[in-house]
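One structure below.
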Amino acid sequence: MVVVTAEPRKLKILCLHGYEQDEDIFRTKLRLHMARLCDKAEFVFVTAPNTLSPYDIDGMDNMARAAAVRSGKAISREFRGWYALKSASPEVVFGLEASIVYLKTVLAEQGPFDGIFGFSQGGLMAAVMCALLEHRYIGLGDDCMHPPLRFAVISSGYKLKDSRWDYVYKRPICTPSLHTYGVLDCMIGISRSMELRDNFVQPADHCFVGA
């Protein structure tokens with residue numbers, strides 16, 4: 001009698017890049033992790049639907065970039081984000097609704113996914129999707145059939161401060177989660193990442209010396 005043992009199914013993980021990045025950049029950043037886990041996990045990378053204007057982009061001379069756009073000079077790469085700021089104080093964001101609609105389509109067409117991995121703004125987005133899938137908030141719609149995710153890995157994530165989205169954090173997020181952050185991160189401070197971590201039920205975390 002021959003016993004046939006089925007190979008374990010690979011985990012399918014949705015990967016969400018950070019602000020001003022795209023799926024190709026994030027895939028490059030994770031290439032070593034992907035190589036180590038190639039027999040255990042399938043990584044699916046997607047690009048945020050919002051194209052950032054010069055005034056949305058941090059860490060650049062926005063006035064100079066805007067002048068380049070007006071003069072017709074080519075920009076080598078589009079910058080993408082899961083949302084952009086309309087106002088910093090108080091925080092008001094735009095584009096998040098479009099990202100939720102887009103990711104809902106990704107879940108339907110490329111899922112089901114076992115887990116989600118997000119970096120920085122992508123980490124914020126990963127937490128939002130965990131909450132929406134768990135609690136079936138109105139933002140996701142009644143027609144989304146994807147089950148709650150089995151796990152989330154969030155690196156240098158943080159919470160939205162826009163009061164219109166407070167409902168996302170109103171209930172604890174039960175998706176098992178791992179939160180990583182660097183003590184030298186000058187963009188997303190540890191306290192902001194820990195604030196997001198504390199919205200999850202029994203999260204694990206890993207703090208390292210780096211950015």
Donor-acceptor contact present, side-chain [X] to main-chain [Y], <3.5 Å:
X      : Y      : result
Thr47  : Glu23  : yes
Glu91  : Asp162 : yes
Arg80  : Gly18  : no
Gln121 : Tyr83  : yes

Can you name the closest pair of heavy atoms from [X] and [Y] and give their distance?
X      : Y      : result
His146 : Leu133 : O-CD2, 3.6 Å
Tyr169 : Tyr158 : OH-O, 4.5 Å
Phe117 : Ser155 : CE1-CB, 4.1 Å
Val168 : Ala131 : O-CB, 3.6 Å
Ala126 : Ile154 : CB-CG1, 4.4 Å
Ile188 : Ser120 : CG1-OG, 3.9 Å

So how far is it from [X] [atom1] to [Y] [atom2], rounded to the nearest 0.5 Å?
X      : Y     : atom1 : atom2 : value
Met129 : Ser99 : CE    : OG    : 9.5 Å
Glu78  : Thr51 : CD    : OG1   : 4.0 Å
Ser87  : Phe94 : OG    : CZ    : 11.5 Å

ask   = side chain to side chain donor-acceptor pair (under 3.5 Å): which pairs involve residues 190-201, sequence neighbours left out?
value = Lys159-Asn199, Lys161-Glu195, Tyr181-Arg197, Arg197-Asp205
With a cut-off of 3.5 Å and sequence neighbours excluded, list every side-chain donor-acceptor pair involving residues 26-44.
| unit_1 | atom_1 | unit_2 | atom_2 | d |
| --- | --- | --- | --- | --- |
| Arg27 | NH1 | Asp24 | OD1 | 3.0 |
| Thr28 | OG1 | Asp24 | O | 3.0 |
| Arg31 | NH1 | Thr28 | O | 2.6 |

message = A quick test of your reading: do over 12 heavy atoms of other residues, nucleotides or ligands sit less than 6.0 Å from NZ of Lys86?
response = no
request  = Could you list the residues that satisfy side chain to side chain donor-acceptor pair (under 3.5 Å) with His17, not counting sequence neighbours?
outcome  = none
message = Using the side chain to side chain donor-acceptor pair (under 3.5 Å) criterion, which residues pair with Ser177? Sequence neighbours excluded.
response = His179
ask   = Hey, mind stepping through Cys207 and Ile190 against side-chain contact (heavy atoms from CB on, under 4.5 Å) and telling me if it holds?
value = CA-CA 9 Å; Cys207 183; Ile190 286 180; 3.8 Å; yes
inquiry  = Run the side-chain contact (heavy atoms from CB on, under 4.5 Å) test against Thr175 and tell me which residues pass, sequence neighbours left out.
reply    = Cys130, Glu134, Leu149, Ala152, Ile173
query = For Val201, what residues pass the side-chain contact (heavy atoms from CB on, under 4.5 Å) criterion, not counting sequence neighbours?
reply = Pro172, Cys174
key: Test log, rule side-chain contact (heavy atoms from CB on, under 4.5 Å), inputs Phe151 and Ile13   = CA-CA 9 Å; Phe151 64 88; Ile13 303 172; 3.8 Å; yes
Decide yes or no for [X] and [Y]: does some side-chain heavy atom of the first lie under 4.5 Å from some side-chain heavy atom of the second?
X      : Y      : result
Leu52  : Tyr19  : yes
Leu107 : Met145 : no
Val93  : Trp165 : yes
Leu14  : Val106 : yes

request  = Before giving the answer on side-chain contact (heavy atoms from CB on, under 4.5 Å), spell out for Leu196 and Leu124 the whole-Å C-alpha distance, their side-chain angles and the decisive distance to 0.1 Å.
outcome  = CA-CA 8 Å; Leu196 175 62; Leu124 177 151; 5.6 Å; no
Pairs touching residues 172-181 that satisfy salt bridge (Lys or Arg N to Asp or Glu O under 4.0 Å), sequence neighbours left out = none
query = Which residue pairs satisfy the salt bridge (Lys or Arg N to Asp or Glu O under 4.0 Å) criterion with at least one member in residues 107-127, sequence neighbours excluded?
reply = Arg9-Asp114, Asp114-Arg150
query = For the hydrophobic clusters of this structure (ILVMFWY residues joined by side-chain heavy atoms under 4.5 Å, transitively), does one cluster hold both Phe45 and Leu103?
reply = no
Joint cluster assignment, Trp82 & Val92, ILVMFWY side-chain distance < 4.5 Å = no
Tyr102 vs Val46, side-chain contact (heavy atoms from CB on, under 4.5 Å): CA-CA, chis, key distance, verdict = CA-CA 10 Å; Tyr102 169 65; Val46 294; 3.4 Å; yes
